[in-house]
K.L.:
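Questions regarding the structure given below will be posed in turn.
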Amino acid sequence: MPCVAEILIPLALDSAYSYAVPAGLDLSVGEVVQIPLGPRETVGVVWGVRQSPGGSNLRPVTGRIDVPALPDALRELVDWLARYTLAPKGSALAMALRLPDEAALTETIRVGVRASGKAPARPTAARTKVLAVAADGAMRGKSALAKEAGVSLSVVDGLIDDGALEAVALAPEPVAQPPDPDHARVPLSEAQEAAVRELVALMNPAPDAPPPTDAIGDPLPAAAADGKVPPPGAEAKAPTVLLEGVTGSGKTEVYFEAVADCVRRGHQALILMPEIALTAQFLDRFAERFGARPAAWHSGVGGKRRERIRAGVTAGEIAVVVGARSALFLPFADLGLIVVDEEHEAAYKQEDGVHYHARDMAVVRGRIENCPVVLASATPSIETRVNAERGRYRRIALPERFGGRRLPDIAAIDMRADKPERGRFIAPALVAAVRETVTSGDQALLFLNRRGYAPLTLCRACGHRYQCRNCSTWLVEHRFRRALVCHQCGYAERRPESCSECGTFDNLTPCGPGVERIAEEVAELFPDKRVIVLSSDFPGGAERLRAELQTVAEGGCDIVIGTQLVAKGHNFPHLTLVGVLDADIGLTSGDPRAAERTFQLLQQVTGRAGRGEKPGRALLQTYQPDHPVIAALLSGDSERFYEEEIGAREAAGLPPFGRLAALIVSANEREVAEAHGQALARAAEPPDGVMVLGPAEAPLALIRGRYRFRLLVKTERSIDLQTYLRAWLARGPKIRGNVKVAIDVDPQSFL
DNA sequence: GGAGATTCGTCA
DNA sequence: GACGAATCTCCC
């Protein structure tokens with residue numbers, strides 16, 4: 001009987017296409033094939049094979065492509081992701097299927113050179129320099145040798161031609177060495193040891209131990225759609241564990257031991273990091289513990305290297321991958337552990353193309369692979385805390401800092417009582433604290449989450465406020481760049497000399513502070529102190545930033561002024577004072593997660609203080625010292641924050657408790673969108689709220705979508721919603737146009 | 001994701 | 001009403 005293959009193509013297509021399988025070609029599920037699509041040839045993955053009676057008029061599969069088949073677990077993940085996010089299946093597949101591209105195949109072979117011992121025929125000055133460097137007989141890269149000798153590449157090439165240097169093709173640099181789980185076990189505190197024991201025990205339940213009490217993660221869509229959610233404890237599932245440790249408690253060392261245990265048992269481990277934190281510093285730290293660097297996977301890894309990592313992961317030769325969210329789609333042969341570091345980070349959310357949250361997909365992949373997932377954070381997201389409280393996730397806490405260090409004392413500066421001088425932004429009490437800190441030789445950090453010089457510019461003559469022409473936000477003055485910049489969309493214009501509205505010359509006033517302006521104030525207050533401003537938009541890029549972070553860490557500066565990038569990762573052992581210049585920033589943003597985000601950010605920032613020998617303290621400049629978030633920070637009791645916030649969310653129906661709400665964004669047919677909204681509101685089970693936004697109000701990201709309009713729905717239980725919406729759409733309100741439904745579990749991105 | 005068909009938006 | 005730009009539809 002002729003054979004038909006269902007082929008999923010990595011394009012924005014909702015379902016697999018059917019192709020005839022030519023006689024003699026024996027295809028199995030997961031294999032990569034070449035197929036005709038319209039006028040061209042593309043690749044696809046076999047999603048199913050079936051016997052089909054009768055001659056078919058289907059186009060035939062062209063042939064098999066010689067790459068490893070997509071593992072079952074990944075196909076399951078693709079199906080799951082597509083159903084959950086309502087993304088086209090093909091788009092989900094595209095994330096898991098990255099075929100070698102042209103650049104990857106034509107990678108140049110690296111050439112190493114070393115002295116051959118022969119003297120060059122014509123020893124010029126440049127040649128002598130090169131040979132002096134190469135005299136040690138060591139093997140070097142061609143360009144490395146030229147650089148070290150301070151000459152151009154052609155000199156080296158000349159010496160190779162001459163025979164004075166011999167060139168040898170080098171084996172490609174290994175993407176990862178095998179980690180040694182017992183390389184250098186660092187001494188752990190008692191609390192860390194206990195956490196490690198608990199974690200390892202959870203990962204490897206004794207065969208006769210009772211199964212975990214509850215299923216983890218969301219029910220799989222298949223189960224939910226059928227209404228067959230497995231009863232608690234039905235199967236022994238690998239657990240999802242929240243590893244919650246205050247800043248400086250040594251969470252990393254704890255999960256490193258989990259990784260070591262996983263490697264010892266011969267399985268692979270994946271450590272996910274939010275993009276920004278994927279630094280060389282972390283890889284070094286890993287190398288100290290395991291004696292080898294892990295494979296690093298992120299958008300910057302390209303070409304052949306990417307392919308080699310994929311191949312190594314497929315073959316099971318690479319034991320540990322440290323990567324950004326896309327590493328979730330690597331074809332691991334035997335995944336034994338997933339760690340999501342800083343699980344609360346918003347960077348785990350993919351906002352373009354397929355919308356997904358890497359933390360949640362990690363839990364899903366863990367479930368599919370039946371491997372444990374560790375979510376690590378000092379300030380977990382509310383969702384994760386709620387999941388832990390409900391018993392879906394296990395929780396291991398590290399309530400104290402490593403090495404007996406204390407968490408910084410946090411105090412408020414009430415800005416209503418202790419006002420800065422006119423035109424200044426640092427309150428006298430904070431100025432005094434900084435002075436005290438720097439005179440005793442310690443470092444102070446002034447934190448303000450505002451880039452640029454001033455967040456608003458207005459004309460004193462006519463009151464004109466400079467606004468972005470694309471968005472409705474104020475333009476931020478950047479003095480270094482002499483420009484007014486929109487932080488929303490990137491629009492920039494030259495800072496005008498005279499008002500563009502009334503023409504008055506030199507009468508524009510900056511309103512409010514940005515880090516550049518604070519730097520100015522600090523320079524006046526502490527003219528003889530070394531100051532470094534750390535802001536993501538400063539010239540010099542990542543290179544300079546790294547150097548400056550290094551300087552700060554080594555104590556080569558007295559006062560640091562920084563935006564949110566100082567909140568994460570880096571260890572500043574000399575820092576004993578953190579001053580938050582505007583603790584209220586972000587509390588009033590209307591974002592349902594404003595409180596959570598502010599709490600997390602300020603907790604992380606203030607936690608920078610006192611990581612070294614001396615204890616630290618933090619001062620928060622605030623106009624609302626009684627605000628629940630500020631009060632929780634001041635009390636030093638984060639449990640209090642979580643309790644209050646979870647209670648408040650539950651009462652207000654905000655995520656993760658929001659029941660059902662719909663948002664309709666219409667790019668160009670507002671009346672159609674409104675009809676949808678009204679129909680949805682009249683539906684048998686109306687959502688809690690329907691919102692219709694026109695193109696002007698809609699976030700840019702949504703308008704850029706390729707659909708005429710788009711229905712976005714958010715709730716924790718998106719699976720139920722999806723079923724509901726499908727039913728609603730099937731009943732079909734008579735509205736023309738192409739309806740696409742997308743689900744985002746996190747509404748804040750488009751509210 | 002890409003090509004070809006269709007509709008939109010703007011200008012006279 | 002025409003024309004370039006934006007958007008939609010179709011690929012088994």
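Letters go in sequence order (proteins before strands), and every chain restarts at 1. Computation of the quantities below employed the complete heavy-atom set of this structure, encompassing side-chain atoms and omitting hydrogens, waters and symmetry-equivalent molecules.
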K.L.:
How many whole angstroms separate atom CD of A:Q34 from atom P of C:dC12?
P.N.:
14 Å
K.L.:
Indicate, with a heavy-atom threshold strictly under 4.0 Å, whether A:I7 touches base, sugar-phosphate, or nothing.
P.N.:
nothing
K.L.:
Any salt bridge (Lys or Arg N to Asp or Glu O under 4.0 Å) pairs touching residues 58-68 of chain A, not counting sequence neighbours?
P.N.:
A:E31-A:R64
K.L.:
Between atom CD1 in A:I9 and atom C1' in C:dC12, what is the gap in whole Å?
P.N.:
7 Å
K.L.:
Could you check how far CG of A:L37 sits from P of C:dT9, rounded to whole Å?
P.N.:
17 Å
K.L.:
Ignoring hydrogens and angles, state whether a donor on the side chain of A:R593 or A:S381 is under 3.5 Å from an acceptor on the partner side chain.
P.N.:
no
K.L.:
Rounded to whole Å, please give me the gap between OH in A:Y17 and C1' in C:dC10.
P.N.:
7 Å
K.L.:
Tell me the interatomic distance from A:R59, atom CZ, to C:dC12, atom P, rounded to whole angstroms.
P.N.:
5 Å
K.L.:
Cut-off 3.5 Å, no hydrogens considered: what does the side-chain donor-acceptor table look like for residues 36-44 of chain A, sequence neighbours left out?
P.N.:
| from | atom 1 | to | atom 2 | distance (Å) |
| --- | --- | --- | --- | --- |
| A:E41 | OE1 | A:Q34 | NE2 | 3.0 |
| A:E41 | OE1 | A:T62 | OG1 | 2.8 |

K.L.:
What is the separation between atom CD on A:E41 and atom C1' on C:dC12, rounded to the nearest whole Å?
P.N.:
13 Å
K.L.:
Is there a side-chain contact between A:V301 and A:I309 (heavy atoms, below 4.5 Å)?
P.N.:
yes
K.L.:
Let me know the distance between CG of A:L93 and P of B:dG1, rounded to the nearest Å.
P.N.:
13 Å
K.L.:
A:L13 has an atom CG; how far is it from atom C1' of C:dC10, in whole Å?
P.N.:
9 Å
